[in-house]
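The structure under discussion appears below in the form of structure tokens.
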Amino acid sequence: MTEKMLKFVNVGMQMPSKRSTDIRTEDFKEIYNKFVNDKAKEQSSRCSQCGVPFCQIHCPLHNNIPDWLKLTAEGRLQEAYELAQSTNNMPEICGSICPQDRLCEGNCVIEKAGHGTVTIGSVEKYITDTAWEKGWIKPIKILKEINQSVGIIGAGPAGLACAEELRKFGYKITIYDRYDRPGGLLIYGIPNFKLEKFAVERRTNLLKESGINFKQDFEIGKDISLNELRKKHDAILIATGVYKSREINLPGSDLKNIFPAIEFLTASNRKGLGDKVKNFDNRMLNAENKDVIVIGGGDTGMDCVRTAIRQKAKSVKCLYRRDRENMPGSAREVYNAEEEGVEFVWLSRPKKFIGTTQASSVLVEKMKLGRVDSSGRKKPELILNSEFEIKTDMIIKALGFDPESLPELFNSPDLLISKWGTIKINLDTMEANIPGVFAAGDIVRGASLVVWAIRDGRDSAASIKKYLENKKNKSMEAA
Ligand SMILES: Cc1cc2nc3c(=O)[nH]c(=O)nc-3n(C[C@H](O)[C@H](O)[C@H](O)COP(=O)(O)OP(=O)(O)OC[C@H]3O[C@@H](n4cnc5c(N)ncnc54)[C@H](O)[C@@H]3O)c2cc1C
Ligand code: SF4
């Protein structure tokens with residue numbers, strides 16, 4: 001194994017394909033599988049089985065990490081998989097895309113002692129990929145269907161996890177989604193170099209085979225109102241995510257080559273899935289051979305810069321108003337982006353986009369860091385007369401997302417929302433102020449993580465089950 005191959009294994013990504021002249025594919029697969037197996041065992045056996053499992057505590061799903069590492073080290077992979085999937089509906093997906101440096105791995109005792117973390121995410125992905133390969137993962141077989149139904153709005157990780165958990169008990173489930181494919185941001189947001197799309201499709205196909213109905217291209221608020229949907233089901237889960245891109249209001253903001261991150265990433269993901277995408281094919285949303293500027297230093301910004309590099313941009317710059325230490329994006333992502341050739345313009349923000357129909361440059365002003373603000377980070381302050389210009393052909397705004405106005409969109413003015421536009425829920429039951437309507441994922445938390453969406457999906461399923469049992473008991477008492 002070369003160093004380059006090792007890197008792919010360590011981060012749990014797909015191996016680059018080998019030319020058939022180098023080695024026969026089957027032989028290669030065998031050597032590779034053995035290598036990965038040895039590597040997973042070796043990593044798992046590094047776990048010290050410490051008394052206080054900080055990794056488990058800091059995993060939002062409280063996965064039983066020490067136990068499945070021990071089983072993997074002993075070669076008991078099927079048992080390791082059973083344990084991993086008992087708390088996580090998508091272990092291979094979390095293993096690939098969780099920011100482990102901020103969660104499980106960042107709190108590994110061995111990491112804290114300075115010896116490098118056990119690569120928990122990669123092992124989790126390996127165990128579950130093996131389970132798929134060996135046919136251990138099967139559709140849900142219910143003993144008896146319960147005559148109560150749940151309508152789930154949104155086929156992202158929160159909606160999918162809730163659907164799976166409720167189906168295990170036998171409830172009838174329909175998931176409604178306004179996109180043509182299920183998966184939410186797993187399919188159209190997160191780039192395919194981070195998460196292979198077949199892994200998402202494999203999961204959603206399994207749910208279809210488990211008897212869950214999917215209604216794609218169906219938008220609540222347009223095709224049906226929330227109130228009408230409530231009449232069709234015994235309970236509703238709202239798991240619609242957050243999609244309103246934050247705007248930047250500066251002179252020239254309306255120039256034609258300035259795009260929201262989600263538009264750029266969706267076009268790229270659709271191309272990867274084999275779709276015809278007019279605005280990519282006509283080069284509007286294609287970064288090839290362009291000088292690209294991405295504004296924003298969060299994880300979405302990192303996905304944009306790394307996607308632009310893969311599209312063979314001439315140059316890629318990332319403008320961020322704080323410095324490296326105060327960046328919201330994962331340190332690992334910044335490192336990866338720099339390795340791939342992205343230039344970070346720290347302590348800078350755009351002042352004006354210059355051009356007639358298209359921006360040809362951005363006027364940028366320099367910042368310095370002042371005192372710590374309410375977010376716990378140093379506040380950026382403007383340095384007067386510090387402007388300079390950067391040439392560009394394409395600008396991508398990655399400034400974060402807010403919720404759409406759901407009461408308006410759903411034609412449901414009685415639905416209570418917070419001052420941030422997220423749905424207000426009872427934190428114990430996850431129920432909104434409308435009886436029988438629950439909410440989970442980003443639409444409750446604001447832009448967050450897949451692993452938290454799965455956690456919410458599972459918690460909401462438990463609450464919906466209780467609600468449906470009560471409802472049934474009451475109707476039996478009344479009869
Ligand atoms: C570019 C990008 C990269 C990211 N990378 C990572 C990462 O590496 N790791 C990580 O953990 N997290 C990442 N995240 C965050 C993660 O994707 C989200 O936190 C997670 O997907 C939220 O899940 P959800 O189910 O709440 O919503 P979503 O995944 O957003 O799914 C919501 C679904 O609801 C549907 N919907 C919305 N409104 C309606 C309606 N009115 N009617 C019908 N359907 C509707 C949408 O079409 C969508 O399919 C990333 C986010 C972005 C934007
Ligand atoms: S789900 Fe995420 S945080 Fe939890 S063990 Fe897996 S990779 Fe770590």
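For ligands, and for the atoms within them, numbers begin at 1 and follow the listed sequence.
When hydrogens are left out, the protein atom nearest atom 34 (O) of ligand 1 is Gly154 CA, 3.2 Å; that is the closest non-hydrogen contact. Of the protein's heavy atoms, Ile97 O, 3.6 Å lies nearest to atom 7 (C) of ligand 1. Scanning the protein heavy atoms around atom 37 (C) of ligand 1, the nearest turns out to be Thr240 O, 3.2 Å. Looking from atom 47 (O) of ligand 1 to the surrounding protein, the closest heavy atom is Asp177 OD1, 2.7 Å. Of the protein's non-hydrogen atoms, Tyr243 OH, 3.6 Å is the one closest to atom 28 (P) of ligand 1. Scanning the protein heavy atoms around atom 26 (O) of ligand 1, the nearest turns out to be Asp442 N, 2.9 Å.
Closest heavy-atom approach to atom 43 (C) of ligand 1 within the set Lys194, Arg178, Arg102: this belongs to Arg178. When the heavy-atom distances from atom 15 (C) of ligand 1 to Gly298, Gly241, Ser448, Ala447 are ranked, the shortest goes to Ser448. Atom 24 (P) of ligand 1 has its nearest heavy-atom neighbour, among Pro157, Gly184, Gly400, in Pro157.
Under 4.0 angstrom from ligand 1, the non-hydrogen atoms of Phe218 all belong to its backbone. Contacts between Ala453 and ligand 1 below 4.0 angstrom, taking non-hydrogen atoms only, involve the side chain exclusively. Residue Lys222 does not touch ligand 1, judged by heavy-atom distances below 4.0 Å. Of the heavy atoms in Leu265, only side-chain atoms (C-beta onward) come closer than 4.0 Å to ligand 1. With a 4.0 Å cut-off on non-hydrogen atoms, Ile153 touches ligand 1 through its side chain and not its backbone.
Atoms of ligand 1 found under 4.0 Å from any heavy atom of Ala239 (numbered from 1 in listed order, with element): 32 (C), 33 (C), 34 (O).
Geometric assessment of Arg270 against the ring of Phe280 yields a negative cation-pi assignment under the 6.0 Å and 45° thresholds. Cation-pi contact between Lys208 and Phe214: present, with separation from the ring centre below 6.0 Å and deviation from the ring axis of at most 45°. Geometrically, Lys112 does not engage Phe54 in a cation-pi contact, judged by NZ or CZ lying under 6.0 Å from the ring centre and within 45° of the ring axis.
A salt bridge links Lys168 with Glu165: the distance from a Lys NZ or Arg NE/NH1/NH2 to an Asp or Glu carboxylate oxygen falls below 4.0 Å. Remark: Arg178 engages Glu404 in a salt bridge, criterion side-chain N to carboxylate O under 4.0 Å. Remark: Asp275 engages Arg181 in a salt bridge, criterion side-chain N to carboxylate O under 4.0 Å. Between Arg102 and Asp299 there is a salt bridge, since at least one side-chain N of the basic residue sits less than 4.0 Å from a carboxylate O of the acidic one.
A side-chain N or O of Asn37 and one of Tyr126 form a donor-acceptor pair less than 3.5 Å apart. Side chain to side chain, Glu263 and Asn279 fail the donor-acceptor criterion of an N or O pair below 3.5 Å.
At under 3.5 Å, a nitrogen or oxygen of Ala158, whether backbone or side chain, sits near a nitrogen or oxygen of ligand 1. At a 3.5 angstrom cut-off on N or O pairs, Leu185 counts as close to ligand 1. In terms of N/O distances under 3.5 Å, ligand 1 is approached by Val450. At least one N or O atom of Ile220 sits closer than 3.5 Å to an N or O atom of ligand 1. Residue Thr300 has no N or O atom closer than 3.5 Å to an N or O atom of ligand 1.
By the 30° and 60° cut-offs, the orientation of the rings of Tyr176 relative to Phe218 is tilted.
If you look at atom 4 (Fe) of ligand 2, the protein N, O or S atoms less than 2.8 Å from it are Cys59 SG.
With respect to Asp402, the salt bridge (charged side-chain N to carboxylate O under 4.0 Å, His left out) criterion is satisfied by exactly one of Arg246, Lys244, Lys419: Arg246.
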